[in-house]
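This report refers to the structure that appears directly beneath it.
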Amino acid sequence: MMRTKDNTEIGRRTVRVFFAIWPDSKAQRQLGGLVKRLRLETLCGGRKTKAENIHLTLVFVGEVHPDKLEILCRVASGIRDSGAHAFDLVVEKICYWKHKGIVYGEIGRIPQELMNLVAALQDGLSDAGFSLEQRAYRPHITLMRNASCQTLPELMEPIAWRVREWALVKSEQTSDGSVYVPVGRWSLDS
Ligand code: ATP
Ligand code: MG
């Protein structure tokens, strides 16, 4: 069994998982349409995130043995039961991270509920024995990878949706790129 820097055991029988938020169908259409509307491929090159894959990562867990999925779901249920609240996410700006080569949608005002949810998840996961990334959490919605931008377009109108649930997602690597498969969903109190 090998260990990678982003956790974890990598082997024949591991699954790659992360906690994330998905946009509702309208926001998904809007975010998915941005690449074309803002001509991001022409401006920045690279490869766009398929609309169905657009998400906001809460916590990246990494490669784990499938036996651990049950524990991950238990941690998540504990957070739901402690009364996490629904909140609005508003993408206000298109940004570029040079060192990662990604173009992403930036959340304008970061909701306290989002930070609370991430902190609760991080705490629950470390209590359950998962070792997580130490870097500070920077919410972002990746729209393009392997990008290289000189100029960035303005986002004329913000894209917003109400977050009512979050999920544990399995990331499967296929010849057609990453495919995300939900493992569990938890709702937020409205
Ligand atoms: P691909 O790897 O095919 O380009 P992807 O990066 O979306 O697609 P994964 O690598 O499985 O697929 O990552 C799933 C999510 O977790 C993404 O939002 C990604 O940005 C995030 N992620 C991946 N690796 C890490 C890491 N080491 N630390 C924090 N977040 C990560
Ligand atoms: Mg990746």
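Since the model is a prediction, treat every value here as computed from it, not as a measurement. In listed order, ligands and their atoms are each counted from 1.
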Taking both backbone and side-chain atoms of Arg16, is any N or O found less than 3.5 Å from an N or O belonging to ligand 1? yes
Non-neighbouring partners of Trp22 that pass ring-ring contact (aromatic ring centres under 6.0 Å, His included), sequence neighbours left out: His55, Tyr180
Arg47 near ligand 1 by a heavy-atom separation under 4.0 Å: yes
Are there more than 12 heavy atoms of other residues, nucleotides or ligands under 6.0 Å from atom NZ of Lys50? yes
Just which atoms of ligand 1 are under 4.0 Å from any heavy atom in Ser171? 9 (P), 11 (O), 12 (O)
Asp24 meets the side chain to side chain contact (heavy atoms under 4.5 Å, CB included) criterion, sequence neighbours left out, with Lys26, Ala27, Trp161
Using a 6.0 Å cut-off, check whether atom CD of Glu70 has over 12 heavy atoms from anything other than its own residue. no
d(Leu121 CG, Trp186 CH2) to nearest 0.5 Å is 9.0 Å
Using heavy-atom distances, let me know which of Tyr104, Tyr137, Phe60 sits nearest atom 13 (O) of ligand 1. Phe60
Applying a heavy-atom cut-off of 4.0 Å, say which part of Tyr180 lies close to ligand 1: side chain, backbone, both or neither. side chain
